[in-house]
Amino acid sequence: MSDTARTPLHPIEKKVLSSLSGRRTLDFDSLVASAGLVPDQVRRSISWLSSKGLVDVQEASTFVLIASDVPPPELLLVSKLEESRGSLPMAEMKAHFKSNQEFSAALGRASSAGWISIVPQQSGPVITLKDPEGAKKLRGVLSKLAGGLNESEAGPEFRDLSADLLKRGLLTRRVSRITTMTITQQGLDALASAETESYAEKLTPELLASVRSSGVAVKLRPIDVRAPAASFFPGRRHPVKEFINEVREVYLSMGFVEIAGDSVQSSLWNFDALFTPQDHPARELQDTFYIKGGRDQGLQRTDVVARVASAHENGWETGSKGWRYSWDIEEARRLVLRTHTTALTVRATMDSADKETRVFTIGRVYRNENLDYKHLAELTQMEGIVIGEGLNLRHLMGLLTRFYGKLGMSRVKLWPSYFPYTEPAMQVMIYYEKVGRWIEMGGSGIFRPEVTRPLGVRKPVLAWGLGLERLLMLRLGIQDIRELYNSDVEWLRRRREIASSPDIL
Ligand code: PHE
């Protein structure tokens, strides 16, 4: 006997076994009825009992005969005769039938069975009832078949008639599967011993009190804690959303304030204010999604815009020579799906009015990328800036290291890099132990004076923009970034928790 077989029976199992012990074999519905349980309880305990060898389950299929609700025409004919005291002129009878064909079929069958006779009269032939016994028998059979009858239980009188009725489509034959349960000898033994032993089902204060006052020990029914239980999937957030919340907490814990902005931006904020020349390859259609025909007509040559234009053309008062071309406000008006959240932080740089500032934003950006295991066309950036007197690259490096540390990534490497809007610039790399490789996470740097001065800011601005999905991929241990957005319900339900870092907050 296995371990489970020795576990005392659950009260539901006991009920099922004792229902089976009388007749030994029952079909599912009768078992439900006689055990006084709900079908689900019976189904579950049957699967338990059968795995313990206490019950045998047999599946069988039988045929069920079901009569159609339209009666055969010959019976209609007999009924009409009965209603008119046994006889009716042929012409009148005919009026009760839908078609000539149906009428002659009824007439043919009823007369060859000897139920009626046709008597010629002066006014025309008259149908009279002769021996309706056969008709009554047929009627009886059909009414029994109306609700369906198991073929194996059908007597000889059914068998004689059914072949003909089946052929005429007045009867159908359907397969029906039935499950029957039989208690085994082991089951009978288990039930017998279960009846001699008694267990308490629940540990309650009353039980404790009664044991205490009576001094009689009570056995609690042991519970098999390794027994498989139904899976339970409570609602949970999408992993990306969950991770966004975690990153938000990290930024907030570092004293940052969140900002948000539109997905559609003018090129001014996505590119020009960031000192990205108007012929820069990143601005081309194959990298950027433009809104067809979209122009920010509200964009006028304000002071800020004029200074941005000068910065591009000749460097304005920044000491730079600028890009040395003629800046076009029409190009700056073109609307784009933001290609980075720097479009928001550069605006926040202007809004700071040169005061000490720490802001962050987490948002979608859009790029005309070829999709592969590490590239999405829509991705989330977690971006921030810090504005403050005397800030330098060391502060930026410390800040990024601390940020990733809080997200559970202890090895951060910063490589020299290039962006039109930062000097110096650094690429942010994270070491991923599992694959033993450094993985690129995003860019960072100090905004150039060509960016900050036209916006009225003189203090250094530390800036960075980092990919969220890349990092989440590492945290979830998935190989392909696209898996995050497949919306595979099975994966969403069963995915493991995002491995949380010990030093968060
Ligand atoms: N905007 C850059 C990107 O999308 C990241 C960046 C932000 C770089 C700020 C430097 C400063 O990759």
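The shown structure was predicted, so the numbers you read here are calculated from the model rather than taken from an experiment. Order of appearance sets the numbers: ligands from 1, and atoms from 1 within every ligand.
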### Query
Would you find more than 12 non-hydrogen atoms of other residues, nucleotides or ligands less than 6.0 Å from Arg44 atom CZ?
no
#### Entry: Residues in the immediate environment of ligand 1 (any heavy atom closer than 4.0 angstrom)
His340, Thr342, Arg367, Gln381, Glu383, Phe419, Tyr421, Thr422, Gly443, Ser444, Ala463, Trp464, Gly465
### Message
So for atom CZ, which belongs to Arg364, do other residues, nucleotides or ligands contribute more than 12 heavy atoms lying within a distance under 6.0 Å?
### Response
yes
### Arg237 atom CZ: more than 12 heavy-atom contacts under 6.0 Å
no
### Query
Do the rings of Tyr485 and His238 sit parallel, tilted or perpendicular, given the 30° and 60° boundaries?
parallel
### Task
Identify the residue among Trp316, Tyr421, Trp323 that makes a ring-ring contact (aromatic ring centres under 6.0 Å, His included) with Phe275.
Trp323
### Message
Going by salt bridge (charged side-chain N to carboxylate O under 4.0 Å, His left out), Glu246 matches just one of Lys406, Arg475, Lys241. Which one?
### Response
Arg475
